[in-house]
Amino acid sequence: MARRPASLLLMPAPAYRATTLRRRYPGEHLIRFRRDVLGAFERMAATGGDLVQVRVGPRRVVLVRHPDLAREVLIDRHAAFTKSRALRLSKFLLGEGLLTSEDAFHQRQRKLVLPAFHHTRLRSYGTAMVRLTEEHVAGWTEAEPVALDREMMRLTLRIAARTLFAADVDDERGEIYRALTASLGVARRVSNPLAEWFLRLPLPSTRRLERARDRLDALVLGLIDDRRRDGADHGDLLSMLLAAQDEDTGRGMTDRQVRDEVMTLFLAGHETTAQALAWTGYLLARHPDVQARLHAEVDAALGGRPASFDDLARLGYARQVLAEAMRLYPPAYAIGRESREPVEVGGTPLPAGTTVLIGTITMHHDPRFWPAPERFDPDRFAPGASADRPRFAYLPFSTGRRGCIGEQFAWAEGVLVLATLAQRWRLHPAADRHPGLDPSMTLRPRRRVALRLERHP
């Protein structure tokens, strides 16, 4: 490997601007984060800092908005950080799954879960994704607009149930959907500075969360018990998790560990993909030129036959469309960490206990990395288009040791669902206004994404 020129070795490290956003009245930042977290991000970004500090109640909060600093937190100095306080509190629902567990236990669980996402498994999951999408959209008509956000939540729930459990939830969908929706209310609770106390108090809202968790537990633990007695490989993720063994000890997961991983995959995978597809449909309906290119690619690649996992390589523009939608509306709009010890980020010292928020949505809209950042332009992700863009300017699935283990599953699902929809329907806006943003556990639309349908010839 060629040596670096001596002049480069003598150059100082890049200087990243650190700023502090001062409060104008007691509790200002706490109120802003509670009422409008995205607005709080915008005010912090307006300081021009790459690392912006505020006081949110008793806590020091830092917004990271430069790709190099994101790399420092997620990769270079990852051992100095734990998952955020909000995710630690999410153990109320998710237990010790991959999203919430830490250190050696997390690494062991990740190794056990990883084979469930092997290429050969993804191929069989792809078949189920397409079949379920075809069934789901068969009941749509041109007579009535569809609420695409609601439809995608229902569809991805069916896909999650089929690929995770080899189960069809049509008969139980109402109960499961209500339980999932109630459970996702944990996201709003854990962001409250007093969440630890609220989750212990016998409040009506806490009781509702407990009942939702218990209903999901009954479903998942019942399936695990059935599979333990059955012993067969049903070709789903649950079969892989039950068969997984630690290569050092030969031990598998307990029922509780399997439950925690299943609950994490079920909730996180179903919710994030649904929001990505809802925003993608919203954008396609408002950009007929992009939608026409997508239809042309799908028609040429598939020729009217159902899509398959092997078609993903021929659906490059569909992937670009999905990627650009996740740039504008990333389901994971921020990545949270907390410093477990004093650490420097970008040359700025941070004490132990600092909450670090990597502003995915702020970096995705930063004109330093994305010219005309508010424009919907899938060609940003065309082959070779990212050569001059910092690698970590785009983080829809995080990165590093805690990066999303289901990333390839999510890409496959998103592209195959999108292509199957495009085979049958053209999308048009049914309302003039933007649906608004609801930054909950994911970046949801605040109002329904209402679209008119036109049958694609």
**Prompt:** Can you find a pair of side-chain heavy atoms, one from Leu223 and one from Leu219, that are under 4.5 Å apart?
**Reply:** yes
**Asked** Can you list the residues that meet the ring pair (Phe, Tyr, Trp, His ring centres under 6.0 Å) rule with Phe392, with sequence neighbours excluded?
**Response** none
**Complete:** Distance col, row Phe266:CZ vs Leu164:CG, nearest 0.5 angstrom, shows 7.0 Å
**Asked** Any salt bridge between Arg77 and Glu341, counting N to O under 4.0 Å?
**Response** no
**Asked** Should we say atom CZ of Arg433 is surrounded by more than 12 heavy atoms from elsewhere, each under 6.0 Å from it?
**Response** no
**Asked** For the side chain of His136 and the backbone of Leu132, is there at least one donor-acceptor N/O pair under 3.5 Å apart?
**Response** no
**Prompt:** Is there side-chain contact between Arg154 and Arg158, with heavy atoms separated by less than 4.5 Å?
**Reply:** no
**Prompt:** Counting distance only, does the side-chain N/O of Ser339 pair as donor-acceptor with the main-chain N or O of Thr354 below 3.5 Å?
**Reply:** yes
**Prompt:** Checking side chain to side chain contact (heavy atoms under 4.5 Å, CB included) for the pair Leu69/Ile358: CA distance, chi angles, key distance, verdict?
**Reply:** CA-CA 9 Å; Leu69 304 187; Ile358 297 166; over 6 Å; no
**Asked** Can a salt bridge be assigned to the pair Glu142 and Arg455 using a cut-off of 4.0 Å between side-chain N and carboxylate O?
**Response** no
**Prompt:** With no hydrogens and no angle check, is any side-chain donor or acceptor of Glu261 less than 3.5 Å from a backbone partner on Arg110?
**Reply:** no
**Message:** Nearest 0.5 angstrom please: Thr360 OG1 to Arg327 CZ, how far?
**Reply:** 13.0 Å
**Asked** Between the side chain of Asp377 and the main-chain N/O of Asp379, is any donor-acceptor distance below 3.5 Å?
**Response** yes
**Item:** Under 3.5 Å: donor-acceptor pair, side chain of Asp225, backbone of Gly222
**Value:** no
**Message:** Here's a test for you: under salt bridge (Lys or Arg N to Asp or Glu O under 4.0 Å), which of Arg227, Arg162, Arg121 qualifies with Asp236?
**Reply:** Arg227
**Asked** Would you say the side-chain atoms of Ser84 pair up with the backbone N or O of Glu338, donor to acceptor, closer than 3.5 Å?
**Response** no
**Prompt:** Do we see a donor-acceptor contact under 3.5 Å between the side chains of His106 and Arg401?
**Reply:** no
**Prompt:** Okay, side chain of Gln257, backbone of Thr254: is any donor-acceptor separation there less than 3.5 Å?
**Reply:** yes
**Request:** Using atom types as modelled and distance alone, determine if a side-chain donor or acceptor of Arg426 lies under 3.5 Å from a backbone N or O of Pro457.
**Result:** no
**Asked** When rounded to the nearest 0.5 angstrom, what is the spacing between OG in Ser440 and CZ in Arg446?
**Response** 10.0 Å
**Asked** What do you reckon, is CZ of Arg391 surrounded by more than 12 foreign heavy atoms closer than 6.0 Å?
**Response** no
**Message:** The test is side chain to side chain contact (heavy atoms under 4.5 Å, CB included); show your working for Arg228 and Asp255 and say whether it passes.
**Reply:** CA-CA 9 Å; Arg228 292 281 194 202; Asp255 284 2; 2.8 Å; yes
**Asked** Heavy-atom distance under 4.5 Å between the side chains of Pro383 and Gln320, does that happen here?
**Response** yes
**Request:** Give a yes or no on this: more than 12 heavy atoms of other residues, nucleotides or ligands lie within 6.0 Å of atom CD of Glu454.
**Result:** yes
**Request:** Scan residues 431-457 for pairs that pass ring-ring contact (aromatic ring centres under 6.0 Å, His included), counting only residues two or more places apart or in two chains.
**Result:** Trp279-His434, Tyr282-His434, His295-His456, Tyr329-His434
**Message:** Between Glu96 and Arg256, does any side-chain N to carboxylate O distance fall below 4.0 Å?
**Reply:** no
**Request:** Kindly determine whether Arg375 and Glu324 satisfy salt bridge (charged side-chain N to carboxylate O under 4.0 Å, His left out), including the steps that lead there.
**Result:** CA-CA 10 Å; Arg375 188 175 73 236; Glu324 175 70 344; over 6 Å; no
**Item:** Over 12 foreign heavy atoms within 6.0 Å of CG, Asp388
**Value:** no
**Asked** Would you say Tyr394's side chain and Ala323's backbone share a donor-acceptor pair under 3.5 angstrom?
**Response** yes
**Message:** Please evaluate residues Trp425 and Val146 with respect to the criterion side chain to side chain contact (heavy atoms under 4.5 Å, CB included), reporting the C-alpha separation (whole Å), side-chain torsions for both, the decisive distance (0.1 Å), and the verdict.
**Reply:** CA-CA 12 Å; Trp425 298 106; Val146 297; over 6 Å; no
**Item:** Lys/Arg cation over aromatic Tyr317: Arg293, 6.0 Å, 45° cone
**Value:** yes
**Item:** From Glu413 atom CD to Thr273 atom OG1, the distance as rounded to the nearest 0.5 Å
**Value:** 4.5 Å
**Item:** Carboxylate-amine/guanidinium proximity below 4.0 Å for Arg448 and Glu151
**Value:** no
**Asked** Do Thr133 and Ile159 have side-chain heavy atoms sitting under 4.5 Å apart?
**Response** yes
**Item:** Intermediate values then yes/no, side chain to side chain contact (heavy atoms under 4.5 Å, CB included), Val343 and Phe81
**Value:** CA-CA 9 Å; Val343 63; Phe81 295 92; 3.7 Å; yes
**Item:** Shortest non-hydrogen separation from Leu112 to Ala244 and the atoms involved
**Value:** O-CB, 3.5 Å
**Message:** Taking the side chain as everything from C-beta on, heavy atoms only, tell me whether Leu237 gets closer than 4.5 Å to Phe117.
**Reply:** yes
**Message:** Applying salt bridge (charged side-chain N to carboxylate O under 4.0 Å, His left out) to Asp149 and Arg444, what does each step give before you reach the verdict?
**Reply:** CA-CA 8 Å; Asp149 55 314; Arg444 289 180 162 194; over 6 Å; no
**Message:** If you apply the rule salt bridge (charged side-chain N to carboxylate O under 4.0 Å, His left out), what do you find for Arg319 with Glu297, and how did you get there?
**Reply:** CA-CA 11 Å; Arg319 183 180 172 114; Glu297 176 185 80; over 6 Å; no
**Message:** More than 12 heavy atoms of other residues, nucleotides or ligands under 6.0 Å from CZ of Arg251: yes or no?
**Reply:** no
**Complete:** Residues Ser239 and Asp233: closest non-hydrogen pair is CB-OD1, 3.4 Å
**Nearest-0.5 Å distance that lies between atom CE in Met326 and atom CG in Leu395** = 12.0 Å
**Message:** Are the side chains of Glu247 and Lys111 in contact, using a 4.5 Å heavy-atom criterion?
**Reply:** yes
**Prompt:** For the side chain of His365 and the backbone of Leu328, is there at least one donor-acceptor N/O pair under 3.5 Å apart?
**Reply:** yes
**Message:** Please give me the minimum heavy-atom distance between Val415 and Leu322, naming the atom from each residue.
**Reply:** N-CD2, 4.0 Å
**Prompt:** Below 4.0 angstrom, N of the basic side chain to O of the carboxylate: do Arg108 and Asp246 qualify?
**Reply:** yes
**Request:** Compare all side-chain heavy atoms of Gln109 with those of Asp260 and state whether any distance is below 4.5 angstrom.
**Result:** no
**Request:** Flag the pair Met153 / His270 as yes when at least one side-chain heavy-atom distance between them is below 4.5 Å, and no otherwise.
**Result:** yes
**Item:** Inter-residue atom distance Ile224.CD1 - Arg229.CZ, 0.5 Å rounding
**Value:** 12.5 Å
**Request:** Can you sort out the partners of Ala393 under side-chain contact (heavy atoms from CB on, under 4.5 Å), two or more places apart, ordered by chain and number?
**Result:** Pro67, Phe369, Trp370, Arg389, Pro390
